[in-house]
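FYI, side chains are in, hydrogens and waters are out, and symmetry mates aren't considered; it's all heavy atoms of this structure. Every chain is numbered from 1 and lettered A, B, ... according to where its sequence line falls, protein lines coming before strand lines.
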Protein chains: 2
Amino acid sequence: MSTPPFPHTPTKAPKRAARKRPLATVADADGNRRADLIRVSARLFREKGFDGTTIRDIAAEVGMRSGSPFYHFKNKQEILAAVMEEGLVAGLEATEKIMASAQSPREKFRTLVRSHLETVLAEGHDFIPVLLYEWRSLPPDLQARIIELKDRYDLQWQHMLNQLKQAKLIRNDGKVARLLLLGAINYSAQWYKPGKGLSLDQLADQTVEFFLSN
Amino acid sequence: MSTPPFPHTPTKAPKRAARKRPLATVADADGNRRADLIRVSARLFREKGFDGTTIRDIAAEVGMRSGSPFYHFKNKQEILAAVMEEGLVAGLEATEKIMASAQSPREKFRTLVRSHLETVLAEGHDFIPVLLYEWRSLPPDLQARIIELKDRYDLQWQHMLNQLKQAKLIRNDGKVARLLLLGAINYSAQWYKPGKGLSLDQLADQTVEFFLSN
DNA sequence: CCTACCGATCGGTAGG
DNA sequence: CCTACCGATCGGTAGG
C-alpha cells in the first residue's frame with residue numbers, strides 16, 4: 001500500500017510519478033515535476049518557513065493548480081521530508097567522498113569546510129538550511145529516516161575532528177567541539193549573502209584559519 | 001497617535017496597559033498582563049515558530065479570549081517585536097556590565113560566554129532564540145529598532161574579540177571571526193536541552209577552551 | 001494533473 | 001478585556 005515515496009538516488013527518475021505522464025510544460029521539458037516541486041519547495045521553505053509557505057505558493061511556482069502537488073506527495077509534510085532527504089543524500093555523498101580521499105588532515109579539513117559551505121550557502125542550495133532550521137515542522141514519524149542520514153553526516157565530521165586532534169591542529173575533538181564547529185558553519189546560513197562580501201573560497205579559508213592551530 | 005508601544009525597561013510597568021485595569025486573574029495577581037503575553041509568546045514562538053503560533057494559542061496560555069491580546073498589541077507582529085526587544089534589552093544590559101568590569105581578557109571572555117549561554121539556553125529564556133530564528137517574520141518597519149539594539153550587542157562582542165587578539169588568545173578578530181564565534185554559541189540553541197547532559201557552566205568552560213589558545 | 005469544492009482555522013475588529 | 005463575528009485563506013479531497 002505504501003511503498004517508499006522517495007527515490008534514494010536523486011539521479012534516478014521516480015517510478016510512481018511516471019505512471020501517468022502529463023503534458024510537459026514550458027518550464028520543464030523533461031517532465032520531472034516531482035523534482036521541480038522539491039527544488040521550488042526548498043527555496044520557499046527557506047525564504048518563508050514551512051508554515052509560511054502554502055501549497056498554493058509551491059504549485060504556482062511550478063505552474064500547477066493548487067490541488068496538484070498532492071498527486072506527487074501525500075501531504076505538505078512529505079514534501080518537507082523530501083527536501084531534507086534530497087539535501088542530505090547529496091551532502092553525504094560529497095562528504096564521504098572527501099573523507100575517503102588521500103589528503104593531509106589540514107587539506108582534507110579545508111576541502112570539507114568548502115564543500116559544506118557550498119551545501120549550506122550556495123545559490124539554489126536550500127535543502128540543508130531547511131533541514132537545519134525547519135526541523136520542528138517535520139512530524140516524528142518522518143524524522144526517523146532523516147535522522148539516520150544525519151547521523152552518518154555527523155559521523156564523518158567526527159572522524160575529521162579526530163584526525164585534526166591527532167595532527168595537533170585542534171585542542172579538542174569531543175562531541176561539544178563538533179557541535180561548536182559545525183554550529184559556527186551552519187549558522188553562516190543566517191548571515192551570509194551569496195554574491196555579497198566574501199566568496200565561498202575566502203570564507204572557507206578564514207574558517208580554517210580561525211579554527212586550526214598553526 | 002503612535003507613542004512607542006513598549007517600555008524600554010522591563011522592570012517598569014507599561015503605561016498604556018494600566019489605563020483601564022481589568023480584574024486580576026488567578027494566573028497573575030499583579031495584573032501585568034502585557035508582560036505575561038510577551039513571556040508566553042516568546043515560549044510559543046520558540047517552540048512552534050511565529051507562523052505556527054496562533055493568537056488563540058497565546059490568549060489561551062494567559063487565560064484570555066482570542067480577541068483580547070489586541071487590546072495590548074496592535075497586531076501579531078508587534079508581539080514578536082516586543083519579544084525580541086525584551087530579550088535584547090536584558091542581554092545588552094548584562095553584556096555591557098561585563099565589558100565594563102575589570103577582569104582579565106580570559107576571565108572576561110569566560111563570563112561573557114557564560115552570560116550569553118544563559119541568555120540563549122536557560123529555561124524561560126526564549127527571547128533571544130526567537131530573535132535569532134524568527135527574524136524573517138518581523139516586518140521591515142519593526143526591524144529598525146531591533147537592529148539598533150542588536151548592533152550595540154555585536155559591538156560589545158567585537159570589543160571582546162579585539163581584547164582577546166591583543167592578549168594573543170585568538171588568532172583572528174575580524175568580523176568573520178566574530179560571526180563564527182557567536183554563530184557557534186547561538187547555534188547551541190538548536191541542540192542544547194536544559195537539564196540534559198552538560199550544565200551551562202560546563203558548556204561555557206568547554207566553549208572557552210575550544211576557542212582560546214593557551 | 002485540473003476543476004470544484006469543503007471544513008477548519010486564522011488574524012483582526014466593532015461594540016460594549 | 002469579553003462577545004460575537006467576518007472575510008480570507010489554508011490543507012486537502014472527489015471525481016474526472
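In this structure, A:Gln77 has no side-chain hydrogen bond (donor to acceptor under 3.5 Å, both in side chains) partners at least two apart in sequence or on a different chain. Under the salt bridge (charged side-chain N to carboxylate O under 4.0 Å, His left out) criterion, A:Arg152 pairs with A:Glu96, sequence neighbours left out. For A:Lys150, the salt bridge (charged side-chain N to carboxylate O under 4.0 Å, His left out) partners two or more places apart in sequence, or in a different chain, are A:Asp154. Contacts of A:Asp57 classified as salt bridge (charged side-chain N to carboxylate O under 4.0 Å, His left out), with partners at least two apart in sequence or in another chain: A:Lys48. Residues passing the side-chain hydrogen bond (donor to acceptor under 3.5 Å, both in side chains) test with B:Thr111 are B:Gln103, sequence neighbours excluded. Residues satisfying the salt bridge (charged side-chain N to carboxylate O under 4.0 Å, His left out) criterion with A:Arg39, sequence neighbours excluded, are A:Asp36.
Atom NZ of B:Lys74 is separated from atom C1' of C:dT13 by 15 Å (rounded to the nearest Å). B:Phe73 places its CZ atom 13 Å from the P atom of C:dG12, with the value rounded to the nearest Å. The distance from atom CZ of B:Phe70 to atom P of C:dC10 is 12 Å, rounded to the nearest whole Å. Nucleotide C:dG11 holds its P atom 17 Å from the CZ atom of B:Arg65, rounded to whole Å. Computed from coordinates, the A:His72 NE2 to D:dG12 P distance equals 16 Å when rounded to whole Å. If you measure from atom CG of A:Leu80 to atom P of D:dG11, you get 13 Å, rounded to the nearest angstrom.
Within residues 51-60 of chain B, the residues approaching DNA chain C are B:Thr53, B:Thr54, B:Ile55, B:Arg56, by heavy-atom distance under 4.0 Å.
In this structure, the nucleotide among C:dC1, D:dC1, C:dG11 sitting nearest to the side chain of B:Met64 is D:dC1. Each of C:dG12, D:dC1, D:dG11 was ranked by its minimum atom distance to the side chain of B:Tyr71; first place goes to D:dC1. Side-chain proximity of B:Ser66 to the nucleotides C:dG12, D:dC1, C:dC2 is greatest for C:dG12.
Of the residues listed (A:Ile58, A:Leu131, A:Asp126), the one engaging A:Phe45 in a side-chain contact (heavy atoms from CB on, under 4.5 Å) is A:Ile58, and it is the only one.
Using cut-offs of 30° and 60° on the angle between ring planes, the pair A:Phe211 and B:Phe210 is tilted.
Taking a pair as Watson-Crick or G-U wobble with both distances under 3.5 Å, the runs of three or more consecutive pairs in DNA chain C are C:1-16 with D:1-16.
For residues 129-152 of chain B, the pairs satisfying ring-ring contact (aromatic ring centres under 6.0 Å, His included) are A:Tyr133-B:Tyr133, with sequence neighbours left out.
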